[in-house]
Amino acid sequence: MNQNFLKTIEKNLPISAAKSGEDLDIASLSAGIKKLLVKKSAVIIAHYYTDPSIQQLAEETGGFIGDSLEMARFGAENPAQTLIVAGVRFMGETAKILSPEKTVLMPDLKAECSLDLGCEPGEFKKFIAANPGRVVVVYANTSAEVKAMADWVVTSSIAVDLIKHLTEQGKKIIWAPDRYLGDYITRQSGGDVMIWDACCIVHSEFVAAKISEQKKRHPKAQLLVHPESKADVIALADFVGSTSQLLKAAQQSSAKEFIVATESGIFYKMQQACPDKKFIAAATEPYGGKVDCEASCPWMKMNNLENLLAALKTGQNEIKLADEVIKKALIPLTRMLEFRKKN
Ligand code: 13P
Ligand code: SF4
């Protein structure tokens, strides 16, 4: 257990969860948001892990719900001048880097990610300097400053493909910040990968021993696992992939029951896409024995209709980045999007 990382996370956890959809007057908030989206030619880009009320609104208004790679692509390609990114801050920053001329707003700028928090730019710079001659690949779940130091950015949906590609070219790699995803891509690629030590506090809560028991109780269920999970959980999986890939796997599989080891927000879309199938949350235990997310990302849940409306109304919570950082971070992000097109 990385005690410094655990301390950083405890210090940065939101004090209380945002109001869930049930506590809010969804109809009137949604109506207000719809009017302002038109008036400001804005579009909502939401991650699967946000509250269903936000996902639903994104769908109804011509916005988008997706995984982190698809969100980045949609933001860059959509003509709307204002992007409301409902997710965590690195997603808003990615949208800004790819479309610096657009206004990028977020419902709450304090929506962090444990991976981003666990990879402080100054420390990462030292890590790169201490391991020269390696290609620097960072996960999208990092700050713009960290991306600006990288040769490549990747998301979970293309991490394995890219590391295999670089390994075939004989490259040695630095990978940051998710150690479990780093271990997974190393196993999959056989590459020489130097791994930073942080993790997703939500996905690392899944527990192999408890999930094995669930599998016994549901022998026909398939196990879907996000690769930010620990190796022993991944080892039990019938399918491993990014959030979108897990959703697609559930749709394409002939199985009727699934145990799902990823953030609980995905259940909204899974159930909508597969109304006749049953989805069971994979078992968890608190991260480090202390931080208990129960498969719900505390930062994703900071997004709600109230603060989304406020951001649209006032223009508050705009993502601002230094031009120099945008210029540098755009290079590895563009490489990522080009790599995706070709592979
Ligand atoms: P996806 O790339 O599957 O969206 O995962 C990113 C993530 O960590 C969201 O929490
Ligand atoms: Fe970060 Fe994990 Fe939350 Fe995703 S689920 S935003 S990786 S803390």
Side-chain angles (χ1 to χ4, degrees), residues 5-6 8-10 12-14 17-18 45-51 55 64-75 85-95 106 108 110-119 138-143 146 153-162 176-182 184-185 196 198-206 224-230 239-250 260-267 269-270 281-282 284 287-288 291-303 333 336-337 340:
F5 174 69
L6 182 57
T8 305
I9 299 310
E10 285 187 298
N12 285 282
L13 276 174
I45 305 176
H47 194 273
Y48 289 120
Y49 299 166
T50 53
D51 189 84
Q55 297 189 45
F64 185 77
I65 312 168
D67 70 8
S68 50
L69 177 68
E70 295 163 340
M71 288 172 77
R73 248 190 345 219
F74 182 88
V85 177
V88 290
R89 203 178 52 222
F90 78 81
M91 295 170 177
E93 290 186 348
T94 299
M106 296 197 67
D108 193 328
K110 289 195 225 53
E112 303 274 0
C113 165
S114 65
L115 289 163
D116 185 350
L117 287 168
C119 191
V138 302
Y139 197 25
N141 303 36
T142 45
S143 63
V146 165
V153 173
V154 286
T155 67
S156 55
S157 61
I158 55 168
V160 170
D161 291 347
L162 179 75
D178 189 338
R179 56 186 280 219
Y180 297 122
L181 182 54
Y184 176 64
I185 57 178
W196 183 262
C199 67
C200 164
I201 57 163
V202 179
H203 288 91
S204 53
E205 282 188 344
F206 295 114
L224 307 176
V225 176
H226 195 285
E228 288 169 13
S229 310
K230 291 176 177 163
F239 184 84
V240 182
S242 77
T243 328
S244 284
Q245 290 166 344
L246 297 183
L247 176 60
K248 208 177 283 166
V260 183
T262 191
E263 211 271 358
S264 55
I266 192 67
F267 285 89
K269 264 281 153 197
M270 280 185 171
T284 59
Y287 176 75
V291 182
D292 195 0
C293 300
E294 293 180 340
S296 174
C297 175
W299 295 291
M300 285 281 183
K301 296 319 186 248
M302 291 173 86
N303 296 277
L333 269 171
M336 168 179 89
L337 294 177
R340 176 67 300 174

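Counting starts at 1 for both ligands and their atoms, following the listed order. All values derive from a computational prediction rather than experimental measurement.
- A donor-acceptor pair is defined here as one N or O able to donate and one able to accept, closer than 3.5 Å; such a pair exists between the side chain of Glu205 and the backbone of Cys293.
- Neither the backbone nor the side chain of Asp178 comes within contact range of ligand 2; no heavy atom lies under 4.0 Å.
- The shell of residues lying under 4.0 angstrom from ligand 1, judged by heavy atoms, excludes Ser157.
- Within the listing of ligand 2, atoms 1 (Fe), 8 (S) sit less than 4.0 angstrom from a heavy atom of Ser114.
- From the protein, the heavy atom lying nearest to atom 5 (O) of ligand 1 is His226 NE2, 3.3 Å.
- Every atom of ligand 2 with a heavy atom of Glu228 under 4.0 Å away is listed here by number and element: 7 (S).
- Of the listed options Val88, Ile201, Ile9, Val88 places a heavy atom closest to atom 6 (S) of ligand 2.
- For the 3.5 Å distance criterion, the side chains of Tyr49 and Thr262 qualify, holding a donor opposite an acceptor.
- Ligand 1 places these atoms under 4.0 Å from at least one heavy atom of Ser242: 3 (O).
- Of all the atoms in ligand 1, the ones that sit under 4.0 Å from a non-hydrogen atom of Asp67 are 1 (P), 3 (O), 4 (O).
- Among the backbone and side-chain atoms of Cys113, an N/O/S atom is found under 2.8 Å from atom 1 (Fe) of ligand 2.
- In the vicinity of Leu115, heavy-atom distances shorter than 4.0 Å reach the ligand 2 atoms 7 (S).
- Interatomic distance, Leu69 CG to Thr155 OG1, rounded to the nearest 0.5 Å: 4.0 Å.
- Between Glu228 and ligand 1, an N or O atom pair is found at a separation short of 3.5 Å.
- Proximity of Glu263 to ligand 1, defined as any heavy-atom pair under 4.0 Å, is not found for any part of the residue.
- Taking every heavy atom of Ser68 and a limit of under 4.0 angstrom, the matching atoms of ligand 1 come to 1 (P), 2 (O), 4 (O), 6 (C).
- Ligand 1 has no nitrogen or oxygen under 3.5 angstrom from a nitrogen or oxygen of Ser244.
- Nearest non-hydrogen protein atom to atom 3 (O) of ligand 1 is Thr243 OG1, 2.4 Å.
- Residue-level proximity to ligand 2 for Asn141 is carried by the side chain, the only part with a heavy atom below 4.0 angstrom.
- The shortest N/O to N/O separation between His47 and ligand 1 falls below 3.5 Å.
- The proximity of Asn141 to ligand 1, defined as any non-hydrogen pair under 4.0 Å, is limited to the side chain.
- Val138 is listed as a side-chain neighbour of Val153, based on a closest heavy-atom distance under 4.5 Å.
- Residue contact check for ligand 1: Met71 places no non-hydrogen atom closer than 4.0 Å to it.
- The nearest heavy-atom contact from the protein to atom 2 (Fe) of ligand 2 is Cys200 SG, 2.3 Å.
- Under 2.8 Å from atom 3 (Fe) of ligand 2 lies an N/O/S atom of Cys297, whether from backbone or side chain.
- Between Ser242 and Ser244, the side chains place no donor N or O within less than 3.5 Å of an acceptor N or O (distance only, hydrogens not considered).
- Heavy-atom contacts of Tyr49 reach the following atoms of ligand 1: 9 (C), 10 (O) (cutoff under 4.0 Å).
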